[in-house]
Number of protein chains: 2
Amino acid sequence: MTPCAYLVDDDEAIRDSLAWLLESRGVCCRSFPSAEDFLAAWEPALAGCLLLDIRMDGMSGPELFDALNELGNRMPVIFLTGHGDVPMAVSALKKGAFDFVEKPCNDNELVNRVIEALQLDANQRAAASGADSVNELLNQLTTRERQVMELILAGKLNKLIADELQISMRTVEVHRAKLFDKMGVRTAVELAQLLAGKR
Amino acid sequence: MTPCAYLVDDDEAIRDSLAWLLESRGVCCRSFPSAEDFLAAWEPALAGCLLLDIRMDGMSGPELFDALNELGNRMPVIFLTGHGDVPMAVSALKKGAFDFVEKPCNDNELVNRVIEALQLDANQRAAASGADSVNELLNQLTTRERQVMELILAGKLNKLIADELQISMRTVEVHRAKLFDKMGVRTAVELAQLLAGKR
DNA sequence: CCACAGATTGCGGATTTCCACAATATGCAA
DNA sequence: TTGCATATTGTGGAAATCCGCAATCTGTGG
């Protein structure tokens, strides 16, 4: 799924002009005429950002935003509105919207915001995939290796680990070496940093 | 320094009525007639939250906000404004303002926001106090010790660190031992975990 | 029953770390 | 100038880690 700006607006003219603007700047776009249409098409794997109109027939932009948040959407959302409304802007941003811009707006500015949003999404995805790959590595450890790893992360020396697990130092060394290999690290410090934030 | 709501507004009537409102709900207040006055009184140890008027003679609310951010202010900031301006609200919130409310507003709502802000500040301070103690430890390291620590955290062995810093292994060992002592850790792993999340 | 994976252990040598003792050089403040 | 903190280096030995080679024991699944 290639990164993409998803436009949701019930005004076809606006969709088309936004799409043209973004495409001309190299940003892939997909348009939806209603919040419901986008909601139906949404899936967790979508990558990119959203441009939501505030006022639409049926479900509004903020309502769609809330619904997507419920579903676990992580794409940055930029709201577009013709009628400035401070409380609405405040509410949207406090709920985590990426931006809130009033139409008409400077084309350049808007495109820049979209590009920033796409960049943010790409970064978030990169970070998330990192966490996933770490978990994958973690899962291929055997029980013993995990136990040893815990104790290593507790800052204990092999000798103490051996005592605690009632096994020989040599065995600890073997597990240690194997888990380092599996986790793709060369030192205990690297391991600690790889798992920083976890457990 | 007891938690407190700092009011900055050039309209004395508003300051007084806000102060009365907040005091009546048990929130300690301090009022300032201008951004400059507050800026002069500000210090890092202040705890609580800020209520800033947008338009004031001299330095504006947003300008004060920026200035305080530069100085490292961490108190939540609530903007108050009579003239709704979406771009300004968006800008303030994207810079980290806690809230942006239009006057006139529901008294109850405003007090609730202030209380939320005070709560947030208290939580942040609680979380930061842990980090602060670590930073204190960090600050009593000498330059060399810090350099060595960086390389240790990069997972490098003493030999490599010695090469990189163009000093002997022995010296690295000395710095290493000293910084471990100062940081109160016994192994590199403990050090990495102590600093997990930083740098 | 056999193959295979995981857990276990020992040996021995290379490498590294840990530390006490000792010493030199520099820069800054009293 | 003296004293103190910092940075630097060396020697040498004890302790720990790292690692290849070899081997045993125990389940699980074919």
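Labels below follow one simple rule: chain letters A, B, ... track the order of the sequence lines, proteins then strands, and each chain is numbered from 1.
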Q) Which parts of nucleotides 24-30 of chain C does protein reach within less than 4.0 Å, heavy atoms only, written one letter per nucleotide 5' to 3' as B for base, S for sugar-phosphate only and - for none? A) -------

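- When rounded to the nearest whole Å, the span between CD1 of B/I161 and C1' of C/dC18 equals 15 Å.
- Looking at A/E164 and A/K156, a side-chain N of the basic residue comes within less than 4.0 Å of a carboxylate O on the acidic one, giving a salt bridge.
- Between A/D163 atom CG and C/dT9 atom P the separation is 12 Å, expressed in whole Å.
- The two atoms that bring A/L165 and A/R144 nearest to each other are O-NH2, 3.6 Å, heavy atoms only.
- A side chain to side chain donor-acceptor pair (under 3.5 Å) with A/E145 is found for exactly one of A/H175, A/K178, A/K182, A/Q140, namely A/K182.
- Between A/R113 and A/D99 there is a salt bridge, with a side-chain nitrogen of the basic residue lying less than 4.0 Å from a carboxylate oxygen of the acidic one.
- The CZ atom of A/R30 sits 15.0 Å away from atom CZ of A/R15, with the distance rounded to the nearest 0.5 Å.
- If you measure from atom CZ of B/R146 to atom P of D/dT6, you get 11 Å, rounded to the nearest angstrom.
- Defined by atom type and a distance below 3.5 Å, a donor-acceptor pair is missing between the side-chain atoms of B/N158 and B/R170.
- In this pair, B/F32 and B/Y6 present their aromatic rings tilted. The plane angle is within the 30 to 60° band.
- For C/dT15, neither phosphate oxygen OP1 nor OP2 lies less than 4.0 angstrom from any side-chain nitrogen or oxygen of B/K159.
- In this structure, A/E145 atom CD and C/dT8 atom C1' are separated by 13 Å, rounded to whole Å.
- In this structure, A/T142 does not reach the C/dA5 phosphate: none of its side-chain N or O atoms is under 4.0 Å from OP1 or OP2.
- Rounded to a whole Å, the CG atom of A/D181 is 17 Å from the C1' atom of D/dT17.
- Checked against the 6.0 Å centroid threshold, A/F98 and A/F79 do not count as a close aromatic pair.
- Separating the CD1 atom of A/I152 from the C1' atom of D/dC18 is a distance of 13 Å, rounded to the nearest angstrom.
- Atom CG of A/N158 is separated from atom C1' of C/dT16 by 13 Å (rounded to the nearest Å).
- Remark: A/I167, A/S168, A/R170, A/T171, A/V174, A/H175 in residues 165-179 of chain A come within less than 4.0 Å of DNA chain C through at least one heavy atom.
- For A/A89 against B/V86, the heavy-atom pair with the smallest separation is CB-CG1, 4.1 Å.
- What separates CZ of B/R186 from P of C/dT17 is a distance of 17 Å, to the nearest Å.
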